[in-house]
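Here's the structure, in structure tokens; my notes come after.
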Amino acid sequence: MSSTAKLSAKDRIYTLLDDNSFVEIGALVTKRSTDFNLQQVETPGDGVVTGYGVIDGSLVYVYSQDAASLHGTMGEMHAKKITNLYRLAMKTGAPVIGLVDCAGLRLQEATDALEAFGQVYHCQAMASGIVPQITAVLGTCGGGMAVLASMSDFVFMEEKNGKLFVNTPNAIEGNNINKCDTAAASFMAEGGSVDFVYPDEVALLNGIRELVAVLPANNEAEAADELCSDDLNRTLPAFSAEIEDCTQAIRDLSDNGLFVETKAAYAKEMVTGFIKLNGATVGVIANRSQIQDEKGKAVAKFDSVLTTKGCYKAEKMVEFCDAFGIPVLTLTNVTGYSADKGEAKGIATAAAKLTYAFANATVPKINLVTGKAYGSAYITMNSKSVGADLVYALEGAQIGTMDASLAAQIIYGDDATAEKAEEYRALCLNAASAAKRGYVDAIITGEEARAQLIYAYEMLCTKKESRPGKKHGTI
């Protein structure tokens, strides 16, 4: 089948799952309402196909909305089929995958549809942190359906036909779809509402398979481990040279170069995603100062600072990993906070949330300082003081309060000189100084980074850590 052809609701499921593994549930369910001539309309499955199957042998639950049946609108029984799927998923501990192609709430069923829609939200809230939730936007996903998608852990979107919106572009004052398509995949990805964008449905469904393969089935299952075919002691001769655009450094670290990057179009100065180390899934959060092309030429540059969006992006990854028992790795290269008028409105709150996320997480946490680590921005980025189990630093890394020249100016005022700045750098701004105080566990070379991290996570695999008894934090 052509990858550009629009698939039916069932074909999407068949493409997603392992061959001949799909078992449909509720195929005979149909609408109860007969108002507004609905009794004359055939609604097979009430506009949604639900059931279960396997991806690479692992159980998943899937619902796929059928735009050919009442435009896939969410009615009472349609919603009940989805909530039934969620209840089964929570009982058995398996991910829920939603394939969305929906014209919205079924107006003919009014409050019955509205009440049932609310029950889907409730099930999503109850399942959050228990089983992974993935939503793919393959057609229209508007109004309340956009909220449903955003309550998922990960959102996939098809580039051409996918439309995600709470209010349509034409409903936004001063805008129209020809001027700025605020429902488009690119717009939503840049805003952080979408994690993955694919050019066609088949590529998207294969992308979901790749993500599911690295995730645990539920919050009590072991992380998705597999036999590692890569050399555990493989050296990384180019690692130190790759830290400016850290995506390649991350791939070099990972088994066989696997890196599932999340929210790639959002807050590009912060990189998040999943890798494999010795077959085990690890969540990665890294500061990035450049985007390089295939020839290594910088095509975009960023200050080595924390931004509001970057903090929220990293916080989301930390919270997901902690909920599902996935170890966390940070590659830190940060000199402070973004300093402009717009950032000033929200950076303190965003940094506070990221700091809390790291401090509150009980999964194994390792920080590798790859460049500069200055001030409280470094503390936020998974430092030992907020709970990192191990902190490594590359040779030449700088750890301290601020740039040496600025520190010298503050300390000595008009008497500051280059020699005094160098003295400050030697005494207070290097990884060795931090290591002497126990704030850094080891100074390593880029070449040995993969082996050192694998050994460390293997040592931490039985980690248990409790928190004070409380309902939940408020930060």
_Side chain Gln119, main chain Thr83, donor-acceptor under 3.5 Å_ = no
*Anything under 30° is parallel, anything over 60° is perpendicular, the rest tilted; go ahead and classify Phe196 against Phe154.*
tilted
Excluding sequence neighbours, so at least two apart, what forms salt bridge (charged side-chain N to carboxylate O under 4.0 Å, His left out) with [X]?
| X | answer |
| --- | --- |
| Lys384 | Asp441 |
| Asp195 | Lys263 |
| Arg450 | Asp230, Asp255 |
| Lys160 | none |

Residues [X] and [Y]: side-chain donor-acceptor under 3.5 angstrom:
| X | Y | answer |
| --- | --- | --- |
| Thr370 | Asn333 | no |
| Asn206 | Glu210 | no |
| Ser376 | Tyr337 | yes |
| Asn256 | Ser229 | yes |
| Glu269 | Thr307 | yes |

Pairs under 3.5 angstrom only: tabulate donor-acceptor contacts from the side chains of residues 128-151 to other protein residues two or more places apart or in another chain.
| unit_1 | atom_1 | unit_2 | atom_2 | d |
| --- | --- | --- | --- | --- |
| Gln133 | OE1 | Tyr86 | OH | 2.8 |
| Gln133 | NE2 | Gln124 | O | 3.1 |
| Thr135 | OG1 | Ser152 | OG | 2.4 |
| Ser150 | OG | Ala146 | O | 3.1 |

Using a 4.5 Å cut-off on heavy atoms from C-beta on, say whether the side chain of [Y] contacts that of [X].
| X | Y | value |
| --- | --- | --- |
| Glu201 | Thr15 | no |
| Leu16 | Phe22 | no |
| Ile285 | Val328 | yes |

*When Val440 is tested against each of Val369, Leu390, Val391 for side-chain contact (heavy atoms from CB on, under 4.5 Å), which residue passes?*
Val391
*Ile275 and its side-chain contact (heavy atoms from CB on, under 4.5 Å) partner, picked from Val284, Val260, Leu453, Leu258*: Val284
Let me have the donor-acceptor pairs involving side chains of residues 47-59, under 3.5 Å, with sequence neighbours excluded, atom names and distances please.
| unit_1 | atom_1 | unit_2 | atom_2 | d |
| --- | --- | --- | --- | --- |
| Thr50 | OG1 | Ile25 | O | 2.6 |
| Asp56 | OD1 | Arg209 | NH2 | 3.1 |

